[in-house]
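Atoms considered below: every heavy atom in the structure, side chains included; atoms not considered: hydrogens, waters and symmetry mates.
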Amino acid sequence: MRKPEYRHAQWGLLQTGPGGGPVVRGVFPGQFFIPGSTAKLFSVSGTWRTLGTGHRFVTPVYAVGKRSAGTLTGDLVLVAQGDLTLGGRTRPDGTVAYTGLDHTYANDFPGATLTPENPLAGIDQLARQVRESGITRVDGEVVVDGRLFAADPVLDPTPTPLIVNDNLIDLLTTPGDRAGAGARLDWRPKVAPYEVTSTVRTVAAGKPTAVTVTADEGGTRIRLSGTIAAGSAPLLRTSPVTDPAAFGRTALIEALVRAGVEVRAAATGANPVGRLPRDYRGDPRVAAYTSPPYEQYAKLILKVSHNLGANLGICLMAVAAGSRQCADGFPVLAGFLGRAGVDRGQVELMDGRGGNPADRATPQALVQMLAYWQRGPDARLFREALPVLGVDGLLADNCRSCPARGKVFAKTGAAVGGDSLNGRFAVGAITIAGYLDRGGGRFDPFYAGVNGASTANTDPAGILSIGNDLALVAAALQEAPEGP
């Protein structure tokens with residue numbers, strides 16, 4: 001905390017006994033700090049308690065029209081339910097898969113990797129169920145009903161009722177066998193009319209890797225260019241899906257064809273929302289995908305700091321209150337925080353992820369949120385949903401040889417921007433908040449954060465170095481003897 005790099009920065013710190021007990025250590029505990037992604041502790045907690053630990057998203061497909069033998073004269077309608085992964089990360093045992101650095105961060109930090117699961121798994125399952133229901137031909141349209149809530153651009157990234165592969169196209173570049181060779185390209189999910197081409201060339205080992213991704217206005221023609229060093233690990237980049245409903249519609253049509261269902265409608269094009277019925281009373285449900293329980297999604301969001309999932313929670317809380325406007329999720333969150341014993345006056349939020357410039361929280365409020373979970377039956381579930389120091393999530397690579405390894409359960413956060421004046425990164429915040437395993441079944445809630453730091457240059461390693469300092473602070477708190 002006393003490094004020269006922090007001479008213009010402000011630190012905050014708070015550690016209490018279990019359940020928000022007596023203060024063990026504190027530095028400006030009642031002062032507002034930029035929370036970064038530790039703000040997800042509020043939004044995920046609110047969504048978790050609003051939906052319930054065991055809540056499962058059930059995404060149905062209805063047959064709207066008349067059936068004769070195997071032919072549906074009418075439309076198949078997928079009714080989106082805000083399922084964050086729609087089977088695209090679900091392991092055979094029903095848990096949700098994640099990696100140390102999620103693909104949603106592939107364009108920001110090196111080292112992001114993919115989970116092995118098929119991102120179209122839920123769509124494929126729905127298509128097979130339609131075929132198993134006896135439908136072999138659809139003489140009508142395939143439509144995605146996205147009326148669950150309206151997209152709110154204030155939330156960035158913006159949640160949509162239908163989400164496939166986090167609304168991203170994954171682009172994996174692997175170096176060729178020798179310098180001068182073309183790089184190998186793989187991408188997923190492969191859904192029309194998306195096309196990906198690459199002119200990336202392999203350069204000698206040790207030379208710079210620099211891959212640029214561009215796309216046309218509609219986002220469906222994606223091109224990679226640049227260089228990748230021979231012998232280097234595959235490089236992951238992503239490109240956004242600009243129309244998730246149209247993308248999901250095409251994905252479902254293609255999956256139906258794979259499952260043996262003939263579809264008369266064109267596979268590509270706009271989602272024909274004008275054909276949606278007022279409701280589905282009297283229309284048979286011919287397929288349904290059931291998600292893992294919400295606590296698994298909470299684990300994903302917290303382990304990898306999943307921004308889209310955290311913002312989605314705001315919209316889902318609004319839906320639970322009977323609204324289609326995502327902003328109406330904030331009063332639901334406010335009510336929950338009050339019941340949880342969190343001083344709402346010490347929290348300012350404009351999103352669920354902690355990325356809005358207006359977001360603020362005090363160390364006290366974050367510790368109050370953490371202490372709330374210790375008073376209920378899901379204390380262990382929530383604690384183990386957080387990254388574990390030196391073990392998994394965004395703390396997997398920190399402090400792997402420390403005595404505190406495996407004994408700090410904590411959400412990390414960052415708010416970083418450019419400083420063109422000085423040719424470096426302006427680090428608005430790097431934060432960490434969670435629990436310290438003090439032994440004997442005692443877990444102390446804590447917060448540590450620095451606002452206003454900066455890096456030496458524009459190398460992202462400088463940001464990771466500050467993050468490592470925060471992990472070391474947490475380790476020092478866990479390892480410290482009793483008392484201040």
Side-chain angles (χ1 to χ4, degrees), residues 37 83-125 157 160 162-176 183-192 194-198 200 202 209-215 219-220 222-224 226 228-229 231-242 244 247-248 251 254-255 289 291-292 296-297 299-310 312 387 391-397 412 460 464:
S37 285
D83 186 334
L84 178 58
T85 73
L86 200 60
R89 293 179 184 253
T90 305
R91 300 184 181 105
D93 64 0
T95 58
V96 171
Y98 57 89
T99 64
L101 185 58
D102 193 61
H103 77 142
T104 54
Y105 287 96
N107 294 348
D108 301 312
F109 294 102
T113 55
L114 296 170
T115 60
E117 287 72 27
N118 175 12
L120 297 176
I123 297 289
D124 284 340
Q125 188 178 127
T160 51
L162 182 68
I163 297 170
V164 177
N165 199 45
D166 301 313
N167 294 338
L168 295 172
I169 303 294
D170 295 318
L171 311 162
L172 193 65
T173 298
T174 302
R184 293 187 289 272
L185 168 69
D186 194 13
W187 60 282
R188 70 175 204 181
K190 293 182 172 68
V191 173
Y194 283 74
E195 294 181 2
V196 183
T197 58
S198 173
V200 177
T202 306
T209 290
V211 174
T212 300
V213 178
T214 57
T220 61
I222 303 167
R223 182 174 182 270
L224 286 77
I228 186 168
S232 62
L235 179 72
L236 181 64
R237 291 287 185 264
T238 62
S239 188
V241 171
T242 55
F247 183 86
E254 293 178 343
Y289 176 78
S291 78
Q296 280 293 310
Y297 285 179
K299 189 173 187 177
L300 167 67
I301 296 167
L302 294 171
K303 289 285 189 185
V304 309
S305 205
H306 198 288
N307 291 324
L308 181 63
L312 175 64
V391 176
D392 67 14
L394 287 178
L395 287 173
D397 294 330
T412 58
L464 299 178

Side-chain heavy atoms of [X] within contact of [Y], under 4.5 Å:
{"X": "Asp186", "Y": "Thr174", "value": "no"}
{"X": "Thr104", "Y": "His306", "value": "yes"}
{"X": "Tyr194", "Y": "Ile222", "value": "yes"}
{"X": "Thr173", "Y": "Arg184", "value": "no"}
{"X": "Leu171", "Y": "Leu236", "value": "no"}
{"X": "Leu235", "Y": "Arg237", "value": "yes"}
{"X": "Pro244", "Y": "Leu162", "value": "no"}
{"X": "Tyr105", "Y": "Asn307", "value": "yes"}

Reported [atom1]-to-[atom2] distance for the pair [X] and [Y], which is rounded to 0.5 angstrom:
{"X": "Asp397", "Y": "Leu464", "atom1": "CG", "atom2": "CG", "result": "9.5 Å"}
{"X": "Leu101", "Y": "Ser305", "atom1": "CG", "atom2": "OG", "result": "10.5 Å"}
{"X": "Thr85", "Y": "Asn165", "atom1": "OG1", "atom2": "CG", "result": "10.0 Å"}

Taking all atoms of both residues into account, what is the closest heavy-atom pair of [X] and [Y], and its distance?
{"X": "Thr160", "Y": "Ile163", "answer": "O-CG1, 3.3 Å"}
{"X": "Thr202", "Y": "Gly176", "answer": "OG1-N, 2.7 Å"}
{"X": "Gln296", "Y": "Val96", "answer": "OE1-N, 2.8 Å"}
{"X": "Tyr98", "Y": "Arg91", "answer": "N-NH2, 4.0 Å"}
{"X": "Pro175", "Y": "Ala233", "answer": "CD-O, 4.5 Å"}
{"X": "Leu394", "Y": "Pro387", "answer": "N-CB, 4.0 Å"}

**Prompt:** Given the rule in the side chain to side chain contact (heavy atoms under 4.5 Å, CB included) test, do Lys190 and Val196 qualify, once you have shown the distances and angles that lead to the verdict?
**Reply:** CA-CA 9 Å; Lys190 293 182 172 68; Val196 183; over 6 Å; no
**Item:** Evaluation steps, side chain to side chain contact (heavy atoms under 4.5 Å, CB included), between Ile169 and Phe247
**Value:** CA-CA 11 Å; Ile169 303 294; Phe247 183 86; 3.8 Å; yes
**Message:** Determine whether Leu185 and Leu224 satisfy the following criterion, side chain to side chain contact (heavy atoms under 4.5 Å, CB included), listing intermediate values before the conclusion.
**Reply:** CA-CA 9 Å; Leu185 168 69; Leu224 286 77; 4.2 Å; yes
**Prompt:** Can Arg89 and Asp102 be counted as an ion pair, charged N to O under 4.0 angstrom?
**Reply:** yes
**Request:** Scan side-chain atoms only and decide if Thr115 and Thr99 contain a donor-acceptor pair under the 3.5 Å cut-off.
**Result:** no
**Message:** Do Asn107 and Thr238 pair up side chain to side chain, a donor and an acceptor below 3.5 Å, judged on atom types alone?
**Reply:** yes
**Request:** State whether the side chain of Glu254 and the backbone N or O of Ala192 hold a donor-acceptor pair below 3.5 Å, judged by distance alone.
**Result:** yes
**Request:** Quick one: list whatever passes side-chain hydrogen bond (donor to acceptor under 3.5 Å, both in side chains) with Asp83, sequence neighbours left out.
**Result:** Tyr297
**Check against side chain to side chain contact (heavy atoms under 4.5 Å, CB included), Ile301 and Leu84** = CA-CA 10 Å; Ile301 296 167; Leu84 178 58; 4.1 Å; yes
